[in-house]
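One structure below.
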Amino acid sequence: VNFLVKSGVLVICLLALSDDGAAWYDEQNASQFAALGVPIFACTPDKFPDLMSAAISKKNITTWASQNDILAK
């Protein structure tokens with residue numbers, strides 16, 4: 001992931017795509033990804049198209065998440 005980020009790839013870590021937006025994840029891995037600037041969160045299916053649109057438009061994914069009441073790491 002570090003190589004991808006340093007190469008300019010937009011990396012997003014989607015923990016879960018579920019109606020309740022809940023996910024189980026490894027806290028240590030999530031912290032390492034977050035330290036690299038990789039947004040990490042769970043998302044509901046109805047928000048996923050907007051997430052991908054924001055990513056393709058190179059918007060700040062963490063800002064998008066907070067504007068859509070999604071907790072991001």
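Because the structure is predicted, anything quoted here is derived from the model rather than measured.
Here the side chains of V1 and V11 are in contact, with some heavy-atom distance below 4.5 Å. With contacts defined as side-chain heavy-atom distances shorter than 4.5 Å, the pair T44/S18 does not qualify. Residues F41 and I61 meet the side-chain proximity criterion, which asks for heavy atoms closer than 4.5 Å. A 4.5 Å side-chain heavy-atom check between F48 and L14 finds at least one atom pair inside the cut-off. Side-chain atoms of I40 and L15, non-hydrogen and from C-beta on, do get closer than 4.5 Å to each other.
Nearest heavy-atom pair, I70 versus C43, reported as atom, atom and distance to 0.1 Å: CD1-SG, 4.3 Å.
Expressed to the nearest 0.5 Å, how far CH2 of W64 lies from NZ of K47 amounts to 6.5 Å. To the nearest 0.5 angstrom, K59 atom NZ is 9.0 Å from D50 atom CG. In this structure, CG in L51 is found 11.5 Å from CG in D46, a value given to the nearest 0.5 Å. Annotation: the span from N2 atom CG to Q32 atom CD amounts to 10.5 Å, rounded to 0.5 Å.
Side-chain atoms of S57 do not come within 3.5 Å of backbone N or O of A54 as any donor-acceptor pair. Side-chain atoms of S53 never come within 3.5 Å of backbone atoms of P49 as a donor-acceptor pair (strictly under, hydrogens ignored). Remark: side-chain polar atoms of D26 are paired, donor with acceptor, to backbone N or O of Q28 under 3.5 angstrom.
Hydrophobic clustering (ILVMFWY, side-chain heavy atoms < 4.5 Å, transitive): L10 and F3 are in distinct clusters.
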